[in-house]
Number of protein chains: 2
Amino acid sequence: MSPSASPAEAKQSLNAGDWARAALDALAAGGIDAVAVEPLARQLGVTKGSFYWHFANREALLRAALELWEKRETEDVLARIGDESDPYERIVKIFKEANAGYRAGRLYLAIAAAEDKPLVREFVQRVSERRMDYLVECYQALGFDRPRARHWARFAYATFMGNLQIRRDTPDLMPTGAPFNEYLKLMIKTLIPREGVDKSADHPHVVSMRRAGSP
Amino acid sequence: MSPSASPAEAKQSLNAGDWARAALDALAAGGIDAVAVEPLARQLGVTKGSFYWHFANREALLRAALELWEKRETEDVLARIGDESDPYERIVKIFKEANAGYRAGRLYLAIAAAEDKPLVREFVQRVSERRMDYLVECYQALGFDRPRARHWARFAYATFMGNLQIRRDTPDLMPTGAPFNEYLKLMIKTLIPREGVDKSADHPHVVSMRRAGSP
DNA sequence: CAGGGTCAGTACGCCCCCGTATGGTCTGCC
DNA sequence: GGCAGACCATACGGGGGCGTACTGACCCTG
């Protein structure tokens, strides 16, 4: 009788967090419209009666899911590459993360697709700005002045996002295996100007500092 | 009495094309779910009775709208920059088009967001592949061999798409005026390697040909 | 043991959309 | 004038989602 089948003695009572997690999963899988009370209730093995005890309405659930997303997005990402001191390697790591961890990217695209909802816009904007800020800092640490760092950061961020889009919509256009690594190397080499390149005014006024740590 | 208010004596009778155009507009404005029979009928000032005369069902309308999109996407775009012989200038034109004409990009994002529908995937894939093929040809014309051209084309295409996404989701992160032109110049200079750059194996084995026409 | 808080089931009304059936109104053509 | 076909309105049944009201079971605590 007990709703088992879950590891660790399967809690038999749901809380708001369970609903929020389920909502976020549904969001990733089917977009904003998939965050619906009754389907989620069915999926969780309960009825609406439960839901409306934990949340005031559908909107509240959506907000909870988005808060969960924002939390994960900032905590996780920054935690996974926060211990890297070399700004060059930081950007490289971000790039590789962004191109490997496909799930997080899918989630972003699913959420951002509902840009007409003000609530969603709010969260998307915060997350995006935080990501961009981080990138800008990386490029500044590489020796760029603020305006140039912003341009390069935006450039790199746009390329991340576009790769996500390509991967989702037309995976055939995205190489795998060795060619993919070539592709990745090309993007990294192009998007993170190294110290040697100073023949152009668009490149950093950097002297040394780079490519010394982490052999 | 006649439903006027339109230029040129306002047709009083709808046809399938009118429905398809309206559907595409709705698609651009509100995503795939906005392509609904009854709302569109209301908007067009008629009832469902009209719709189900022209189309078998909602699916058929969606297909018609997507065909319209594909047609516009390939005809228009290639027509607007087809008379440019210089491959460098072709890419530049594409870039500027992509960053100026925001509407077409919005449409792509709205359509691609419904990537779970097989029908949509089909069209998105065709359109994307055609765009990529065109870019690959441009890069090949610049002197790249096929694999490298594919990498650069994908790179550039990803950057297009990402810029679209940024523009839609976080317009504040996209500069305007002079800074935008700087940004554009940076991307163009970076994404279209010029003849002078040959210190790297990733750059074209090109000798001259470039930057002679159009002073 | 009584009572209150927690969580869930049932049932209802509402809205909005799909698709069908059927009938009505124009238009042009014979 | 009458017929056929193009175009549209009305009405209906079905489905699914939202939100509310009420009831019920299970703790836990006084």
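Worth knowing before you read on, the calculation uses all heavy atoms, side chains too, and leaves out hydrogens, waters and symmetry mates. What you are looking at is a predicted structure, and each value in this text was computed from that prediction instead of being measured. To find a chain, count down the sequence lines: A is the first, B the second, and so on, and within it residues start at 1.
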field: Selected nucleotide, minimal atom distance to A:Val37 side chain, candidates D:dA9, D:dC18, C:dC18
entry: D:dC18
message: Walk me through whether B:Trp19 and B:Phe51 qualify under ring pair (Phe, Tyr, Trp, His ring centres under 6.0 Å).
response: CA-CA 8 Å; B:Trp19 281 95; B:Phe51 173 80; 5.2 Å; yes
query: Counting any heavy atom closer than 4.0 Å, what does B:Phe51 reach on the DNA or RNA strands: base, sugar-phosphate only, or nothing?
result: nothing
Given C:dC7, D:dC8, C:dA11, the nucleotide with the shortest approach to the side chain of B:Leu14: D:dC8
message: Can you identify which nucleotide, out of D:dC8, C:dA8, C:dC17, has its nearest atom closest to the B:Ala36 side chain?
response: C:dC17
Closest to side chain of A:Lys48, choosing from C:dA8, D:dT20, D:dC8: D:dT20
- prompt: Which nucleotide in the set D:dC8, C:dC18, C:dA8 lies at the smallest distance from any side-chain heavy atom of B:Glu38?
  reply: C:dC18
- line: Among D:dT20, D:dC7, D:dA9, the one nearest any side-chain atom of B:His54 is D:dC7
All N/O donor-acceptor pairs, side-chain side in residues 92-103 of chain A, below 3.5 Å, sequence neighbours left out:
residue: A:Glu97; atom: OE1; partner: A:Arg80; partner atom: NH1; Å: 2.9
residue: A:Tyr102; atom: OH; partner: A:Arg106; partner atom: NH1; Å: 3.2

- request: Give the ring-plane orientation class for A:Tyr139 versus A:Trp152, where under 30° counts as parallel, over 60° as perpendicular and anything between as tilted.
  value: parallel
- prompt: Looking only at side-chain N and O atoms, does A:Arg42 come under 4.0 Å of OP1 or OP2 in C:dG9?
  reply: no
field: Nearest-neighbour nucleotide for the B:Pro39 side chain, C:dC17, D:dC18, D:dA9 considered
entry: C:dC17
query: Are the side chain of A:His151 and the backbone of B:Leu184 linked by a donor-acceptor contact shorter than 3.5 Å?
result: no
- prompt: If you pin B:Arg58 and A:Thr47 to their nearest nucleotides in DNA chain C, which one's is more 5'?
  reply: A:Thr47
- prompt: Could you state the CH2-P distance from A:Trp53 to D:dC22, rounded to the nearest angstrom?
  reply: 19 Å
- request: Quickly work out the A:Phe55 CZ to D:dT20 P distance and round it to whole Å.
  value: 15 Å
